[in-house]
Amino acid sequence: MAMTVELPALERTDATTPETKASSARLRRYAGPALGLLLPVGLALAWEIAVWAGLSNGRLVPPPTKIFATMVELAKSGELSRHIIATLSRVASGFILGVVAGTLFGAISGYWGLARRLLDPTVQALRAIPSIAWVPLFILWLGIFETSKIALIAVGVFFPVYLGVMGAILSVDRKIVEVGRTFRLSGPAMIRRILLPAVLPAYVVALRVGLGLGWMFVVAAEFMGASEGLGYLLIDGQQLGKPAQIVAAIVIFAILGKTTDWLIEIATAPLLRWQDAFGGKSGAA
Amino acid sequence: MLALDRVGKTYPNGVHALERFSANIKLGEIVAIIGGSGCGKSTLLRAIAGLDRATTGTVTLDDIAITAPHAKIGIIFQEPRLLPWLSVADNIGFGLSELSAAARREKVARALDRVGLADKANAWPRELSGGQAQRVAIARALVPQPEVLLLDEPFSALDAFTRRDLQDHLLDLWNDTRPTLMLVTHDVDEAVVLADRVLVMRPRPGRLFEEIKVNLARPRDRNSPHFDNFKRRVLTALDRSLDRNVPDADAKSTTGEAMWW
Ligand SMILES: Nc1ncnc2c1ncn2[C@@H]1O[C@H](COP(=O)(O)OP(=O)(O)OP(=O)(O)O)[C@@H](O)[C@H]1O
Ligand SMILES: [Mg+2]
């Protein structure tokens, strides 16, 4: 009895301090990223000053202002958006293809033991091939234009998604499946009400890993001959000796990669609020 | 009536877990099953729940043979097994998907009230204490109004205070609709406090060893001499059920109060 009296009291102390808690939480939420920015911004600033003071001519490593100027110039001429759109659309198509295929095969392998024994060894063997090794074959099969590039990206995205989905389904807690059985869920209801929610956290991780590989492979794909895209900007910068353009393209890659990853995180956060994870607190607040 | 007729189970790996277990349990009766570890208590309960099939014998509820989970039979496990992605209220309403949303909400609200967790309706399972979580599990199993509720060591993970609390609470809830309760426990106190009948099992292979009727009026006073008397009878039966397989007779000299099984 003593415990049931104490418990609400504990909760009340939790409830009386939401304002102070919220403000300190907000501070922490902004302070975290700010702290992370300190090092790169500091380095950039130091480099800028070094070039400005004449300690270096900044030809091979251009100072931030020069990189920014290059970006602005590219943006003004409309070049930049053309390259960004080209790269983004390649990543998007490859990502979607890879995710659809990876989810489908992963789900089949995870759910159905026979299919796993049939399919998984082959997939694992294919996974052992460095994906770039496919490039010549894809060019022969699919030509040097978009199709082969998208295929390469899709291959890169496929494997982590496949593995993630299969692993997640295989590791669904038997005890929770049993709860579904005691309530006599039908096959589809079991998938919808038990398996899907149980698999979701791992699936989101798989998507994010897949997206990361998608960004990696788009560069490889654009290296193999493209007339537009951020990868083309890199090659072009190398061939014409424009380091500022190369760094500008790299910075844009970083921004796009981070933004798309963040979009997945934001889009799935409401579905994962229930998670009892180490980092889950900030999402729930 | 729940009828167990010579229920036996041999697992695929050859373990003979249960042999010819027979019992008839009336509607509204509370039966406790007690016995050493590994004597097939969980196996028996899972067979009654329809989660596993008995290899021999039959389980029938009101003349319906049970071979798969049935709407009239609910089960509560040792762990609450709440679905972490559903709120407390949605967990309780999990078995009510056939009802309209409004009817479901009303039933869930009543159940939440009944287990004293009305303020936790929108909490996530991870925000509950062990005892609260098990109360939610009880509510989830009771809300579809089963005729038979099976409980496999439902309170064994809780501290002694919370356990007593929940035992009283369970009796309270049982009084609402008077379902049949079948409870596996390692706790002699718990068996005597709750049950009309205590079934003592013995291991290798698991079978029924002795049946003890507890004809004490409810509510039962845990400190009364009658209560102690029944406890002692269950303990002696337990000791005997285990000793048959222990060649060393000296082990018997301890009273069994230690409850090491
Ligand atoms: N899935 C299984 N496959 C094979 N053998 C099993 C399985 N489940 C249980 N057993 C065996 O069956 C016997 C009875 O197990 P059971 O879980 O029913 O015991 P119990 O009485 O519930 O024990 P406890 O009190 O420790 O929970 C044990 O010897 C156990 O090893
Ligand atoms: Mg058990």
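Computed from heavy atoms alone, side chains included, the values below leave out hydrogens, waters and symmetry copies. So you know, we letter chains A, B, ... as the sequences are listed, proteins then strands, and number each from 1.
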[X], [atom1] atom: more than 12 neighbouring heavy atoms under 6.0 Å:
X        : atom1 : answer
A/Phe105 : CZ    : no
B/Asp176 : CG    : yes
B/Arg164 : CZ    : no

Checking [X] against chain A: side chain, backbone, both or neither under 4.5 Å from a heavy atom?
X        : answer
B/Ala71  : both
B/Leu51  : both
B/Arg140 : both
B/Leu82  : backbone
B/Pro144 : side chain
B/Glu79  : side chain

Select one option (side chain, backbone, both, neither) describing which atoms of A/Leu185 are under 4.5 Å from chain B's heavy atoms.
side chain

Under 4.5 Å to a heavy atom of chain B? For A/Ala198 that would be both

Using a cut-off of under 4.5 Å on heavy-atom pairs, state which of B/Leu86, B/Leu83, B/Ile75 scores highest against chain A.
B/Leu83

Can you tell me how far the CZ atom of B/Arg46 sits from the CD atom of A/Glu178, to the nearest 0.5 Å?
4.0 Å

Value for NE2 (B/His70) from CZ (A/Arg184), rounded to nearest 0.5 Å, stands at 7.5 Å

Looking at side-chain heavy atoms only, is the closest gap between B/Leu96 and A/Phe183 below 4.5 Å?
no

Where the side chain of A/Arg193 meets the backbone of B/Phe94, is there a donor-acceptor pair that is under 3.5 Å apart?
yes

Taking every non-hydrogen atom, the tightest pair across B/Pro84 and A/Ile176
CD-CD1, 3.8 Å

Taking the six-membered ring where the residue is Trp, are the ring centres of A/Trp274 and B/Trp85 under 6.0 Å apart?
yes

